[in-house]
Amino acid sequence: MGNVHMAWSFLVHLSRHNRTLLLASIVFATVIALLLLTPWLALHDPSSMTLSGRFSGPSAEHWLGLDHLGRDVFSRLLYGGQFSVSITAITLVISAVVGTLLGVISARAGGAVDEFLMRIVDLMISFPDVLVALFLVAILGPGYGTLILALALTGWTPFARMTRGLALEINSKDYIRAAEILGCSRIFIIVYHVIPNVLRPLATIAFLRFGHKLITVGSLSFLGLGVQPPDTDWAAMLAEALPYLDRAPALVLIPGLAIFITALSVTLIGQGLEAHMDAKMKWRHDDK
């Protein structure tokens with residue numbers, strides 16, 4: 001919780017000097033708050049059907065109306081958002097942890113180990129997320145776990161590459177050489193010196209990758225490779241409503257806007273953090 005509080009405080013501090021970042025942070029925080037409060041805000045079972053009320057418009061009981069099967073759209077939007085965002089977040093955490101560890105190991109080990117890991121990165125980058133997902137679905141079948149596995153298999157490579165570059169720079173610092181002279185183990189140096197110094201730059205790429213992963217999750221779910229009925233997510237809602245676009249365009253517009261707004265807000269946060277880092281590095285260079 002302490003690290004989360006520090007990250008949020010840092011984000012708030014930056015937002016005071018960047019209105020776009022401030023607005024994006026507010027929007028993304030609002031989306032997360034709504035999803036966390038889903039059990040209290042969703043007043044209807046997202047799978048419960050009222051066929052006599054199909055395509056009903058917004059009302060006091062059903063805030064966003066009912067879909068083509070008479071299900072409450074607002075409840076489905078919240079529960080679907082939990083699936084979309086949680087799949088993206090879990091995938092991103094796995095990718096970041098694996099990529100960071102492999103990047104640090106590659107930079108510290110050097111030689112054949114470094115060459116081998118970087119060639120693996122090059123190989124994995126050549127396989128699109130959708131292609132890997134299709135291959136795994138053919139073997140394991142569609143579902144929540146398959147989607148996470150497919151995205152994690154291809155998602156760790158940007159983190160590994162960036163971490164390796166940062167770790168190589170850190171390895172040349174005087175305090176690393178001092179630690180080596182004092183007899184500190186390689187594990188100690190990695191855990192207490194290298195990883196803490198790469199976390200902030202990695203936070204930037206994590207935000208940027210979140211928006212990309214959310215759209216990728218949506219694309220795969222739209223193709224039927226994600227969560228399976230009766231569960232749903234935003235893209236599955238969009239796919240189900242597409243045949244009724246002429247009769248009820250709101251059923252397509254609502255989940256589509258949810259994906260767009262969430263992905264845009266988190267991407268703008270990442271771009272704001274990236275701009276701050278670039279300005280900080282420029283300031284250090286000019287100061288020298």
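Positions are given from 1, in the same order as the sequence printed here. Keep in mind that this is a model prediction, so the values were computed, not measured.
Hydrophobic cluster membership differs between Leu214 and Tyr79, with clusters built from Ile, Leu, Val, Met, Phe, Trp and Tyr side chains linked at under 4.5 angstrom.
In Phe55, the CZ atom is crowded: over 12 heavy atoms of neighbouring residues, nucleotides or ligands sit closer than 6.0 Å. Within 6.0 Å of atom CE in Met49, 12 or fewer heavy atoms from other residues, nucleotides or ligands are found, so the atom counts as exposed in its surroundings.
Taking the six-membered ring wherever Trp is involved, the centroid distance between the rings of Phe210 and Phe28 falls below 6.0 Å.
Using a 4.5 Å heavy-atom cutoff, the side chains of Ser56 and His62 are not in contact.
Applying the salt bridge (Lys or Arg N to Asp or Glu O under 4.0 Å) rule to Glu115 yields the partners Arg119; only residues at least two apart in sequence or on another chain are considered. With sequence neighbours left out, Arg54 forms a salt bridge (Lys or Arg N to Asp or Glu O under 4.0 Å) with no residue at all. Checked against salt bridge (Lys or Arg N to Asp or Glu O under 4.0 Å), Arg76 has the following partners two or more places apart in sequence or in another chain: Asp67, Glu240.
Minimum heavy-atom separation, Ala236 to Asp233: N-OD1, 2.8 Å. Among all heavy-atom pairs drawn from Ser221 and Leu147, the shortest one is OG-CD2, 4.1 Å. Shown here for Ile94 and Ala152, the closest heavy-atom pair between the two residues is CG2-CB, 3.9 Å.
Asp45 and Ser48 are not linked by any side-chain donor-acceptor pair at a separation below 3.5 angstrom, with hydrogens and angles left out of the test.
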